[in-house]
Chemist: 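Could you have a look at this structure, given as structure tokens, before my questions?
Since the structure is predicted, the reported quantities are computational estimates derived from the model, not experimental observations.
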Amino acid sequence: IFDDIRVDAVKIGMIANADIAYAIADTLRHTQLRHIVLDPVMIAKGGDRLLDPMAVDALRSELLPLATMITPNLPEAVNLANTQPVRDRDCMPGLAHKLRDLGARGVLLKGGHLDSDDSPDLLLVNGQEHWFEGPRHATQNTHGTGCTLSSALATQLAILDDPPAAVRTAKDYVTGAIAHADQLQVGHGHGPTHHFWARS
């Protein structure tokens, strides 16, 4: 793809193992991409670990320093930074700065795991902190929200080239997708968000 067309942004999701992380990093080092969004998919909603320790180490050492933006939820961020769990939003800035110190140029720390009525996200970019507030919707159809947000963010970074504006647009889109998720009747248990809510 890189040999054939111009690529404006790349989003990296679940890498499965360390070898894949090394292969991706080797490829990206030979590009001059403006926007690399890394969604460190490490822990499932139920708490199960999705990556073995070697893969986590490779993600931390190889991919994180290449990322222009990482989008961890709180459990993933704690795992990456090797620190204590975060219980409230007051602890989020310190955690975001620890992730930035690991090499990522921008950090979008997602607060959806907080025990609160809202879902605050914190963007740390260019040394500035930006908070993005959002309501928490009562639905079990939240499968894939992190993947959707990171993909929307990569797209908006390519379009807008403005991290705070890109985050605002991506978060608004995902918030709408969650709010309208109950319109879908897909299987049992945790269902997907409604990606096409704006057209319904």
Chemist: If every non-hydrogen atom of L38 is compared with every non-hydrogen atom of A67, which pair is closest and at what distance?
Modeler: CB-CB, 3.9 Å
Chemist: My understanding is that a hydrophobic cluster links ILVMFWY residues whose side chain heavy atoms are under 4.5 Å apart, including indirect links. Using that, what else belongs to the cluster containing M54?
Modeler: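 Direct or chained contacts put M54 with none.
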Chemist: Measuring from L153:CG to L157:CG, what's the distance to the nearest 0.5 Å?
Modeler: 4.5 Å
Chemist: If we only count heavy atoms from C-beta on, is the R29 to L66 side-chain gap below 4.5 Å?
Modeler: yes
Chemist: If every non-hydrogen atom of P85 is compared with every non-hydrogen atom of V78, which pair is closest and at what distance?
Modeler: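 That would be CA-CG2, 3.9 Å.
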Chemist: Would a 4.5 Å heavy-atom cut-off, applied to side chains only, mark F2 and V10 as touching?
Modeler: yes
Chemist: Can you give me the closest heavy-atom contact between S150 and V37, atom names plus distance?
Modeler: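 Heavy atoms only, the tightest pair is O-CG1, 3.8 Å.
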Chemist: What distance do I15 atom CD1 and E62 atom CD have between them, rounded to the nearest 0.5 Å?
Modeler: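 Output value for this atom pair is 10.0 Å.
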Chemist: Does D57 come within less than 4.0 Å of R60, counting only side-chain N to carboxylate O?
Modeler: yes
Chemist: Which atoms form the tightest heavy-atom contact between D172 and W197, and what is the distance?
Modeler: O-CZ2, 4.0 Å
Chemist: Calculate, to the nearest 0.5 Å, the distance between atoms CG and CG belonging to L124 and L108 respectively.
Modeler: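 Between L124 CG and L108 CG, I get 10.5 Å after rounding to 0.5 Å.
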Chemist: Going through the distances and angles, do L114 and L74 end up as a side-chain contact (heavy atoms from CB on, under 4.5 Å)?
Modeler: CA-CA 8 Å; L114 294 177; L74 291 177; 3.5 Å; yes
Chemist: Does D26 CG have over 12 foreign heavy atoms under 6.0 Å away?
Modeler: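 Buried by this count: over 12 neighbours within 6.0 Å.
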Chemist: When you compare the side chain of T83 with that of K98, does any pair of heavy atoms fall below 4.5 Å?
Modeler: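 They are in side-chain contact.
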Chemist: Looking only at atom types and distance, does a side-chain atom of N17 sit under 3.5 Å from a main-chain N or O of D19, one as donor and one as acceptor?
Modeler: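 Confirmed, N17 side chain pairs with D19 backbone.
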Chemist: Determine yes or no for a side-chain-to-main-chain donor-acceptor pair under 3.5 angstrom, with T27 supplying the side chain and A23 the backbone.
Modeler: yes
Chemist: If two hydrophobic side chains count as joined below 4.5 Å and joins carry through other members, does I12 share a cluster with Y22?
Modeler: no
Chemist: Look at K171 together with E133 and state whether they make a salt bridge at an N to O cut-off of under 4.0 Å.
Modeler: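 A salt bridge is absent here (no side-chain N lies under 4.0 Å from a carboxylate O).
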Chemist: About how many Å separate CG of L59 and CD1 of I70, when rounded to the nearest 0.5 Å?
Modeler: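 Answer rounded to 0.5 Å: 8.5 Å.
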Chemist: I'd like to know whether CG of N126 has more than 12 heavy-atom contacts from other residues, nucleotides or ligands below 6.0 angstrom.
Modeler: no
Chemist: From Y173 OH over to H195 NE2, what is the distance, rounded to the nearest 0.5 angstrom?
Modeler: 5.0 Å
Chemist: So, for A77 and P72, which heavy atoms are closest and what is the spacing to 0.1 Å?
Modeler: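 Heavy-atom minimum between the residues: N-CB, 3.8 Å.
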Chemist: Does the pair M69 and I36 meet the rule for a side-chain contact (heavy atoms from CB on, under 4.5 Å), with working shown?
Modeler: CA-CA 6 Å; M69 189 75 66; I36 300 173; over 6 Å; no
Chemist: By the definition side-chain contact (heavy atoms from CB on, under 4.5 Å), identify the one residue from L109, V125, V107 that meets it with R100.
Modeler: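 Exactly one option meets the side-chain contact (heavy atoms from CB on, under 4.5 Å) with R100, and it is V107.
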Chemist: Applying side-chain contact (heavy atoms from CB on, under 4.5 Å), run through T169 and I159 and close with a yes or a no.
Modeler: CA-CA 11 Å; T169 303; I159 294 170; over 6 Å; no
Chemist: Which atom names give the shortest non-hydrogen contact between A18 and A55, and what distance separates them?
Modeler: N-CB, 3.8 Å
Chemist: Is a donor on one side and an acceptor on the other found under 3.5 Å between the side chain of S151 and the backbone of T148?
Modeler: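 Side chain of S151 to backbone of T148: no pair is present.
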Chemist: With the side chain counted from C-beta on, respond yes when W131 and D121 share a heavy-atom pair under 4.5 Å apart, and no when they do not.
Modeler: no
Chemist: Side-chain polar contacts of residues 160-167 - donor-acceptor pairs under 3.5 angstrom, sequence neighbours left out - could you list them?
Modeler:
residue	atom	partner	partner atom	Å
D161	OD1	R34	NH2	2.8
D161	OD1	H35	NE2	3.1
D161	OD2	R34	NH2	2.7
D162	OD1	A165	N	3.4

Chemist: With sequence neighbours left out, write down each residue that passes side chain to side chain donor-acceptor pair (under 3.5 Å) with H130, or none if nothing qualifies.
Modeler: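 Expected list: none.
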Chemist: Taking the side chain as everything from C-beta on, heavy atoms only, tell me whether L80 gets closer than 4.5 Å to P40.
Modeler: yes
Chemist: Do T71 and K110 get their side chains close enough for a donor-acceptor pair, meaning under 3.5 Å?
Modeler: no
Chemist: Taking the side chain as every heavy atom from C-beta outward, state whether K11 and C147 have any pair of such atoms under 4.5 Å apart.
Modeler: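 Result yes, sub-4.5 Å side-chain heavy-atom pair found.
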Chemist: Pair D118, R89 - check side-chain contact (heavy atoms from CB on, under 4.5 Å), show working.
Modeler: CA-CA 11 Å; D118 58 354; R89 66 183 290 157; 3.9 Å; yes
Chemist: Evaluate the side-chain proximity of V7 to T31: yes if any heavy-atom separation is below 4.5 Å, no if none is.
Modeler: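 No - every pair of side-chain heavy atoms lies 4.5 Å or more apart.
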Chemist: Please check if the number of heavy atoms outside I5 that lie under 6.0 Å from its CD1 is greater than 12.
Modeler: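 Yes, the 6.0 Å shell around CD1 holds more than 12 heavy atoms from other groups.
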Chemist: Measure the CG-NE2 distance between L122 and H97 for me, rounded to the nearest 0.5 Å.
Modeler: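 Atom-to-atom, L122:CG and H97:NE2 are 7.5 Å apart.
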